[in-house]
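Right, one structure below, let's go through it.
If you read the sequence from its start, that first residue is 1, and numbering goes on from there. It should be emphasised that the depicted structure is a prediction, and the values quoted were computed from it without experimental measurement.
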Amino acid sequence: MSGLLLIPVVGPLLVAGVLLALPNRPGPHRVGAFATMTVVLVAGLVLLARASGGALVVLRVGGWPGPIAISLAADALSALLVTVTALVVLGCLVAAVGSGDDRRPYFLPLALVLSAGASGAFLTTDLFNLFVLIEVMLVPSYVLLSLAGGVGRGGAGRVYVATNLLGSTLLLAGVALVYGTTGAVGLGELAGAARDEPTVAVAAGVVLLALGVKSALVPLHDWLPRTYPVASPVVVALFSGLLTKVGLYAVIRIYAVVYGGDPGYRWLLGAVALLSMVVGVLGAVGENSMRRILTFHMVSQLGYVLLGVALFTAAGLTAAVYYLAQYILVKAALLLCAAAVRAGRGTDRLDGSGGLAGQRPALAVAFAGAALSLAGLPPFSGFLAKFLLLRATAETGAWLAMTVAVLVSLVTLLSMVKIWSALFTGDPPASSTVARRIGPTLVGPPLALAGLSLATGLAAAPLLVLADTAAAGLRDPAGYVRAVTGR
């Protein structure tokens with residue numbers, strides 16, 4: 001069973017290496033990429049089934065002792081995120097066939113390397129390997145942003161690379177500080193260290209600051225809306241499911257294990273969460289393109305997840321895990337809808353003619369379902385996610401947080417209505433060729449992801465059980481610590 005942990009990391013890297021040796025061979029590239037991500041998805045599902053009861057799957061590469069070995073571990077949270085991101089990557093690969101992105105040089109091998117880095121970051125058990133795997137994930141993202149970018153990609157690429165290099169430098173410095181103060185970088189060895197030692201708390205705080213940059217949490221978010229909208233919508237959808245979510249996952253894991261959920265820092269997490277929610281949604285109000293609106297909402301929705309972590313109650317963490325898992329699917333669905341719109345109209349700006357609902361009703365259904373879920377309306381998963389979060393805030397008496405969450409949801413709904421009114425209603429242009437250029441490979445992935453949002457809203461019990469198991473592991477990480485240290 002432990003060998004399965006290598007599949008999401010090593011599998012895509014090996015296949016990417018083979019594909020890079022076969023340039024200009026779109027057929028083998030597609031077969032290799034789809035087969036690899038299907039295997040990764042199956043491995044994720046098997047690990048998820050194993051972890052659903054609270055068990056952990058641990059692998060120490062080479063059989064070395066815990067503090068020395070490169071260790072990977074899958075609990076309910078990491079296995080869930082590996083599975084969800086594999087789904088998103090598969091959806092993006094299908095959409096790339098429809099948009100033509102997969103015919104760009106090295107697009108598919110780079111996507112595989114990106115997936116391997118993200119999966120490894122979810123599974124690793126020490127801070128230094130977290131840094132390494134984040135870099136494995138970021139290097140192909142630099143190329144993809146420029147490779148599949150539009151007008152302004154040069155300036156956006158410079159901002160993206162400079163910001164992430166700064167974040168990486170800060171992250172490595174933080175890891176070095178943690179090692180210098182404790183002599184360890186393994187999460188198991190660091191359990192509770194920041195709660196007990198102020199110097200460790202400061203050192204780990206540098207790590208969290210760097211991860212805040214990677215996650216685009218306010219006030220460290222400005223790079224994201226300046227860079228993502230320039231990239232191809234399929235690339236943005238790929239980034240949305242992996243890049244910022246890895247940073248947020250690492251924040252959650254480090255706060256739970258290294259800080260032991262120290263209540264002295266919850267006010268700070270709560271403040272960042274509320275600021276991210278408000279700044280993100282207000283930034284979306286004035287935008288006039290589908291990608292720009294959705295990119296700002298990316299910042300806003302991350303705040304909801306962090307709010308559940310800031311509460312650090314059983315209900316709050318369950319809500320945060322459920323919210324994060326379903327949100328990755330919903331956001332990818334919306335961005336893949338943007339990819340379909342751009343393929344059909346040549347732009348995703350809102351000042352052109354609409355009529356997409358009449359021309360491509362399946363695309364309209366996909367967008368409507370994902371948009372309603374993002375805004376938190378029933379019967380979609382976003383409604384249950386926000387209901388769980390609001391209930392958790394009520395239980396702790398966090399009335400300000402509850403009020404902000406409700407108001408942000410209302411503004412989010414207005415943004416989704418704005419997109420719907422501009423692009424899907426009304427009459428299409430007289431010379432429109434939208435119906436011919438938006439094919440099944442562009443419509444299918446967002447429709448499937450929106451369908452999953454509906455399914456996890458109507459039949460939420462399996463995902464709720466997983467979220468509850470993951471929350472219990474975060475609240476009491478003793479089992480995780482024992483498993484990864486071998487003690």
Report task. Could you check Leu377 against Phe383 for side chain to side chain contact (heavy atoms under 4.5 Å, CB included), going step by step and ending with a plain yes or no? Result -> CA-CA 5 Å; Leu377 272 67; Phe383 167 75; 5.6 Å; no

Requested in this report: Go through Leu464 and Leu388 one step at a time and tell me if the side chain to side chain contact (heavy atoms under 4.5 Å, CB included) criterion holds.
Outcome: CA-CA 10 Å; Leu464 277 176; Leu388 292 171; 3.5 Å; yes

Report task. Could you go through the side chain to side chain contact (heavy atoms under 4.5 Å, CB included) check for Val94 and Leu442 one step at a time? Result -> CA-CA 7 Å; Val94 174; Leu442 279 170; over 6 Å; no

Requested in this report: Evaluate the side chain to side chain contact (heavy atoms under 4.5 Å, CB included) criterion for residues Val309 and Leu248: first the C-alpha distance (whole Å), next the side-chain angles of each, then the deciding distance (0.1 Å), finally the verdict.
Outcome: CA-CA 10 Å; Val309 178; Leu248 186 60; over 6 Å; no

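Proximity of a side-chain donor or acceptor of Asp348 to a complementary backbone N or O of Arg291 within less than 3.5 Å is detected. The main-chain N or O of Tyr323 is found under 3.5 Å from a side-chain atom of Gln326 such that the two form a donor-acceptor pair. Proximity of a side-chain donor or acceptor of Thr83 to a complementary backbone N or O of Gly44 within less than 3.5 Å is detected. The main-chain N or O of Asp75 is found under 3.5 Å from a side-chain atom of Ser78 such that the two form a donor-acceptor pair. Put simply, the side chain of Thr124 never gets that close to the backbone of Ala121: no donor and acceptor are under 3.5 Å apart. In terms of modelled atom types and a separation under 3.5 Å, the side chain of Thr393 and the main chain of Leu390 share a donor-acceptor contact. Side chain of Lys418 to backbone of Val285: a donor-acceptor contact under 3.5 angstrom is found. No donor-acceptor pair under 3.5 Å is formed between the side chain of Tyr249 and the backbone N or O of Leu77.
The side chain to side chain contact (heavy atoms under 4.5 Å, CB included) test applied to Leu172 returns Phe128, Phe131, not counting sequence neighbours. Under the ring-ring contact (aromatic ring centres under 6.0 Å, His included) criterion, Tyr322 pairs with no residue at all, not counting sequence neighbours. Listed by chain and number, the residues in a side-chain hydrogen bond (donor to acceptor under 3.5 Å, both in side chains) with Ser409 are Tyr304, Lys386 (sequence neighbours excluded). By the ring-ring contact (aromatic ring centres under 6.0 Å, His included) test, Tyr142 is found to be paired with Tyr160, residues two or more places apart in sequence or in another chain being considered. Remark: Phe380 pairs with no residue by the ring-ring contact (aromatic ring centres under 6.0 Å, His included) rule, at least two apart or across chains. Residues forming a ring-ring contact (aromatic ring centres under 6.0 Å, His included) with Phe424 (at least two apart in sequence, or on another chain): Phe367, Trp420. Scanning for side chain to side chain contact (heavy atoms under 4.5 Å, CB included) contacts around Phe312 gives Tyr255, Ala256, Arg266, Leu317, Arg475, with sequence neighbours left out. With sequence neighbours excluded, the residues satisfying side chain to side chain contact (heavy atoms under 4.5 Å, CB included) with Asn288 are Arg349, Leu350, Asp351.
Rounded to the nearest 0.5 Å, atoms CG (Asn164) and OG (Ser141) are 6.0 Å apart. With rounding to the nearest 0.5 angstrom, the CE atom of Met298 is 10.5 Å from the CZ atom of Phe239. Atom CG of Leu171 is separated from atom CD of Glu135 by 7.5 Å, given to the nearest 0.5 angstrom. Here the CG-CG distance, from Leu238 to Leu335, works out to 10.5 Å after rounding to the nearest 0.5 Å. Rounded to the nearest 0.5 Å, atoms CG (Leu372) and OG1 (Thr412) are 12.0 Å apart. Considering OG1 of Thr318 and CG of Leu474, their distance stands at 9.0 Å, rounded to 0.5 Å.
When every heavy atom of Leu123 is checked against every heavy atom of Pro8, the shortest pair comes out as CD1-CG, 4.4 Å. A pairwise comparison of heavy atoms in Leu224 and Pro229 identifies O-CD, 3.8 Å as the closest pair. Counting all heavy atoms, side chain and backbone alike, Leu334 lies closest to Ala371 at CD2-N, 3.7 Å. Nearest heavy-atom pair across Val443 and Leu363 is CG1-N, 3.8 Å. Nearest heavy atoms, Ala467 versus Val321: CA-CG1, 3.8 Å. Closest non-hydrogen pair, Leu220 versus Gly212, comes out as CD1-C, 3.8 Å.
Applying the ring pair (Phe, Tyr, Trp, His ring centres under 6.0 Å) test to pairs two or more places apart or on separate chains, none has a residue in residues 23-42. For residues 209-221, the set of pairs meeting the side-chain hydrogen bond (donor to acceptor under 3.5 Å, both in side chains) definition, not counting sequence neighbours, comprises Ser168-Lys214.
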Review item, side-chain donor-acceptor pairs of residues 268-283, under 3.5 Å, at least two apart:
unit_1, atom_1, unit_2, atom_2, d
Ser276, OG, Val218, N, 3.1
Ser276, OG, Val272, O, 2.8

Show me, pair by pair, the donor-acceptor contacts under 3.5 angstrom made by side chains of residues 447-461, not counting sequence neighbours?
unit_1, atom_1, unit_2, atom_2, d
Ser453, OG, Ser373, OG, 2.9
Ser453, OG, Ser381, OG, 2.9
Thr456, OG1, Leu452, O, 2.8
Thr456, OG1, Ser453, O, 3.2

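Contact annotation: the side chain of Val213 never approaches that of Leu166 to less than 4.5 Å [non-hydrogen atoms, C-beta and beyond]. Residues Val139 and Val113 form no side-chain contact, since every pair of their non-hydrogen atoms from C-beta on lies 4.5 Å or further apart. Residues Leu211 and Ile254 form a side-chain contact, since some pair of their non-hydrogen atoms from C-beta on lies under 4.5 Å apart. In this structure, Val408 and Val404 have side chains that are in contact, with non-hydrogen atoms separated by less than 4.5 Å. Arg30 has its side chain within reach of Arg103: a pair of non-hydrogen atoms, C-beta onward, lies under 4.5 Å apart. Here the side chains of Met37 and Val42 are not in contact, with every heavy-atom distance at 4.5 Å or above. In this structure the side chain of Leu93 reaches within 4.5 angstrom of the side chain of Val89, judged on heavy atoms. Looking only at side-chain heavy atoms (C-beta outward), Ser115 and Met137 stay at 4.5 Å or farther from each other.
Atom CZ of Arg226 has 12 or fewer heavy atoms from other residues, nucleotides or ligands within 6.0 Å.
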